[in-house]
Amino acid sequence: MMKAITYLQFGGKAEEALAFYAQALQADSVAKVKFNAFVQNPDFPLMEAEQQMIMESRIEFMEGMVLMISDVPASMQAVTGEVTKGTNVLISIIDAEPEKNQQIFEKLAEGGKVIMPLSSVPWSASFGMIIDRFGVMWKFNSEASKFLDGFADKTKINN
């Protein structure tokens, strides 16, 4: 089922933020994947420190609420723009069918800037990012839940 969720981005502090929010929100569970979980693209290799950063994570809390968090390595910020306090929030459309992603992506991209066109990547059949004409960043991942549920390091938290 397609969802829109809050997604926080950091430039190297996602691990710290993840721990903070998991405790503050009394998380039921936490799932995370680091960039080193995938073979590096030789055309765009990440430095060792960047490979240790969080690529994707999810905190579940209060009976179904979700917050996702990731790092944006410095090498990626050249494309996505600098991550700064106050502008590190984006809207993420997750678990939609690729065709639905395409429809929404095209509409939101009108008058905006495509950061990464929708395409198939190792973790999703339909992944892409845009900044709409109002400056709001949108991220699309048709298989976000499937990816984290099947691939991430998961921690069940008992409160």
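Excluded from the calculations below are hydrogen atoms, water molecules and symmetry mates; all remaining heavy atoms, backbone and side chain alike, are included.
Looking at residues two or more places apart in sequence or on another chain, you find no ring pair (Phe, Tyr, Trp, His ring centres under 6.0 Å) involving Tyr7.
When each of Met76, Met55, Met53 is paired with Leu46, the side-chain contact (heavy atoms from CB on, under 4.5 Å) condition holds for Met76 and for no other.
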Report task. Determine, stepwise, if the pair Val121 / Met116 fulfils side chain to side chain contact (heavy atoms under 4.5 Å, CB included). Result -> CA-CA 11 Å; Val121 293; Met116 181 178 177; 3.8 Å; yes
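Put simply, the side chain of Ser92 never gets that close to the backbone of Ile5: no donor and acceptor are under 3.5 Å apart. Remark: the backbone N or O of Phe127 is not paired with any side-chain donor or acceptor of Asn141 at under 3.5 angstrom.
There is no side-chain donor-acceptor pair under 3.5 Å between Gln103 and Glu99.
Among residue pairs with one or both ends in residues 114-140, those qualifying as salt bridge (Lys or Arg N to Asp or Glu O under 4.0 Å) are Glu56-Lys139; sequence neighbours excluded.
Under the 4.5 Å side-chain heavy-atom criterion for ILVMFWY residues, a single connected hydrophobic cluster contains both Met62 and Leu8.
Listed here is the closest heavy atom pair of Phe35 and Glu50: CD1-O, 3.6 Å. Heavy atoms only, all atoms of each residue included: Val66 and Met68 are closest at CG1-CG, 4.0 Å.
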Side-chain donor-acceptor contacts of residues 11-24 below 3.5 Å, not counting sequence neighbours, with atom names and distances?
from  : atom 1 : to    : atom 2 : distance (Å)
Glu15 : OE1    : Lys34 : NZ     : 3.3
Glu15 : OE2    : Lys32 : NZ     : 2.4

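With a 6.0 Å radius and a threshold of 12 heavy atoms from other residues, nucleotides or ligands, Glu97 has its CD atom at or below the threshold.
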